[in-house]
Trainee: 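One structure coming up, written as structure tokens, with questions to follow.
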Amino acid sequence: MCAKYKKGFGYKTINQRLPVILTKVIDQVARDKNDIGKKLGAGALEEVKDVIGELAKLKNEMVTNKSIQRTGSAVWNEYLANVAKKSFNGIEECVRWYVAPWLFVECYMYHRMNEAFRTSTFLKTYDPFRGQKEEAFFESVEPACVLGEFVLGSKNGPELLKTLLEVSLWGNRCDLSISQGESNAQDGNLVDQLVPLREKILANDSQQVWEVLEKVRKSSSSPRRIGYILDNSSFELFTDLCLANALLESGLVDNVDFYVKAQPWFISDVLVQDFHWLLDTMASLTDKPVLVQLATKWKENVQTGRFSVVEHEFWTYPHAFFEMKDSEPALYHELGSKAFLIFKGDLNYRKLIFDTNWDFETPFPKSLLGFSPAPLVALRTLKADCVSGLPAGVGEKLSEINHDWMNTGEYGLIQLSE
Ligand SMILES: O=P(O)(O)OC[C@@]1(O)O[C@H](CO)[C@@H](O)[C@@H]1O
Ligand SMILES: [Mn+2]
């Protein structure tokens, strides 16, 4: 899929969404300029100007459909060469913003943005999205309290697990990339919304997920460790922690390894510091005892290693996941050592199914193209036009009602591949 077809979501992304997102990054850096200068001195101030210049150049390349440039990353350059080889007769100059695969180009924008920061001296670890992520959590404190009360007051077992799979799924609507950085917090009590939302789950393997996890619980291998490939910070991360909490407390698994991005990504994606920020912030909200109680528990899990947070550069590469086995075999092997994997969100889903226009009814496991390090579930609200594993007729019917149905975040999937 690429951005050349004006009716596709790829076109809207390159033509509208990404320029807006990048402009906001430039504005944010410009706003932070004086603070940075005051804190770090004149050298830093000069550097801020250079970074803004780089970002403006990137925006110009994007909006004028220039060729995708090589960068300082061998991995990205090799990927670019492969895109050229596969679709452009090896001519890299022909790989332009509007004709290159959409997934590659969208990731490339964030890669180039990060390169501008990472190659600087003073702004190496600067995260232009930090404020938005933090604000998003403060906007969701009330729904988080309600959900927290629910989690603390529920009995462990299949019903709670299935409910929290749905909670974590709908947490994926709170993504700041789809809203181009505008507020997109959880609205109201999610637990009450689950029943009406259920008809929007187009494929729901939650019962089978429970059965697989029951097998994990009974297995002799110890410790029973799962990998949780996170997506967005703030409320979505809170829902993920609620699910992980239930997995531990029901005795289904012993350890949860959370995989996070190593660079600011798609605005709201979790970085290591976002994970700890959330726990610290919850712990500091003393007028919200339920959040303090959960933070205490989860911090203890971090201290004892029952929760761990792992960053890996692979999640900010352009590769589809079926390519991981060859391009990042150590990570594939590491995931293969887990009893179960949870993949969150739209971007991870796109990478799982190679961002391909599968027939709606293609079985989900088949669309993973051999990616199968361990049994896995994908929890994803649909925000891009690719999907697999739908029951007969569902996709066709929705297409008749609204041709944009795959891009709105209104529908969800809980899909298992054993
Ligand atoms: O991965 P997530 O946070 O669920 O979704 C991120 C997202 O940017 O991915 C799609 C395009 O890649 C967008 O439609 C959507 O906003
Ligand atoms: Mn995201």
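Each ligand, and each atom within it, is numbered from 1 in the order the structure gives.
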Trainee: Please write down residue, atom name and distance for the protein heavy atom closest to atom 2 (P) of ligand 1.
Mentor: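 In this structure, atom 2 (P) of ligand 1 has Asp231 OD2, 2.9 Å as its nearest protein heavy atom.
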Trainee: Begin with the C-alpha distance, continue with both residues' side-chain angles, and end with the deciding distance and a verdict on ring pair (Phe, Tyr, Trp, His ring centres under 6.0 Å) for Phe238 and Trp298.
Mentor: CA-CA 11 Å; Phe238 183 80; Trp298 295 345; 5.7 Å; yes
Trainee: Can we say Glu134 and Arg130 salt-bridge, meaning some charged N sits less than 4.0 Å from an Asp/Glu carboxylate O?
Mentor: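 The answer is yes: the pair qualifies as a salt bridge.
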Trainee: So which bit of Leu347 gets within less than 4.0 Å of ligand 1, heavy atoms only: side chain, backbone, both or neither?
Mentor: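 Looking at Leu347 and ligand 1, atoms from backbone and side chain both fall under 4.0 Å.
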Trainee: Would you please indicate yes or no on a ring centroid separation below 6.0 angstrom for Phe371 and Tyr332?
Mentor: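 Yes - the distance between ring centres of Tyr332 and Phe371 falls below the 6.0 Å cut-off.
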Trainee: N/O of Phe9 under 3.5 Å from N/O of ligand 1, yes or no?
Mentor: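 In fact, backbone or side chain, Phe9 has no N or O that close.
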Trainee: Number the atoms of ligand 1 from 1 as they appear, then name those within less than 4.0 Å of a heavy atom of Asn172, with their elements.
Mentor: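 This gives 4 (O) as the contact atoms.
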Trainee: Could you name the option among Gly171, Gly345, Cys107, Ser177 that has the heavy atom nearest to atom 8 (O) of ligand 1?
Mentor: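 Among Gly171, Gly345, Cys107, Ser177, the closest heavy atom to atom 8 (O) of ligand 1 belongs to Ser177.
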Trainee: When you compare ligand 1 with Arg17, is there at least one nitrogen or oxygen pair between them that comes in under 3.5 angstrom?
Mentor: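 N/O-N/O distance under 3.5 Å: yes.
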Trainee: Less than 6.0 Å separating the ring centroids of Phe364 and Tyr349?
Mentor: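 Yes; Tyr349 has its ring centre under 6.0 Å from that of Phe364.
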Trainee: Taking the six-membered ring for Trp and the single ring otherwise, decide whether the centroids of Trp102 and Tyr11 are under 6.0 Å apart.
Mentor: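 They do not qualify: ring centres at least 6.0 Å apart.
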Trainee: Below the 3.5 angstrom mark, is there an N/O of Asn348, backbone or side chain, next to an N/O of ligand 1?
Mentor: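 No; every N/O pair is 3.5 Å or more apart.
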Trainee: Would you call Lys215 and Glu211 a salt bridge, using N to O less than 4.0 angstrom?
Mentor: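 Salt bridge: no.
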Trainee: Please list, in chain and residue-number order, the protein N/O/S atoms closer than 2.8 Å to the Mn ion (ligand 2).
Mentor: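 Sorted hits: Asp231 OD1, Asn232 OD1, Asp269 OD1.
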Trainee: Is the distance between the ring centroids of Phe343 and Phe321 under 6.0 Å?
Mentor: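 So the answer is yes for these two rings.
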Trainee: Of Lys344, Met406, Arg350, which has the heavy atom at the shortest distance from atom 11 (C) of ligand 1?
Mentor: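 Nearest heavy atom to atom 11 (C) of ligand 1 lies in Arg350.
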Trainee: At less than 4.0 angstrom from any non-hydrogen atom of Asn232, what atoms of ligand 1 do you find?
Mentor: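 Near Asn232, meaning under 4.0 Å from one of its heavy atoms, ligand 1 has 3 (O).
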Trainee: Table please: side-chain donor-acceptor pairs of residues 135-151 below 3.5 Å, with sequence neighbours left out.
Mentor:
residue: Glu139; atom: OE1; partner: Ser183; partner atom: OG; Å: 2.7
residue: Ser140; atom: OG; partner: Ala136; partner atom: O; Å: 2.7
residue: Glu142; atom: OE2; partner: Lys288; partner atom: NZ; Å: 2.9

Trainee: Do Tyr79 and Tyr317 have ring centres separated by under 6.0 Å?
Mentor: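 When the ring centroids of Tyr79 and Tyr317 are compared, they turn out to be at least 6.0 Å apart.
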Trainee: Once the angle between the rings of Phe307 and Phe258 is folded into 0 to 90°, is it parallel (under 30°), tilted (30 to 60°) or perpendicular (over 60°)?
Mentor: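 Plane angle over 60°, so perpendicular.
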Trainee: Quick test: of every protein heavy atom, which one is nearest to atom 9 (O) of ligand 1, and how far off is it to 0.1 Å?
Mentor: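 For this ligand atom, the closest protein heavy atom is Asp346 OD2, 3.2 Å.
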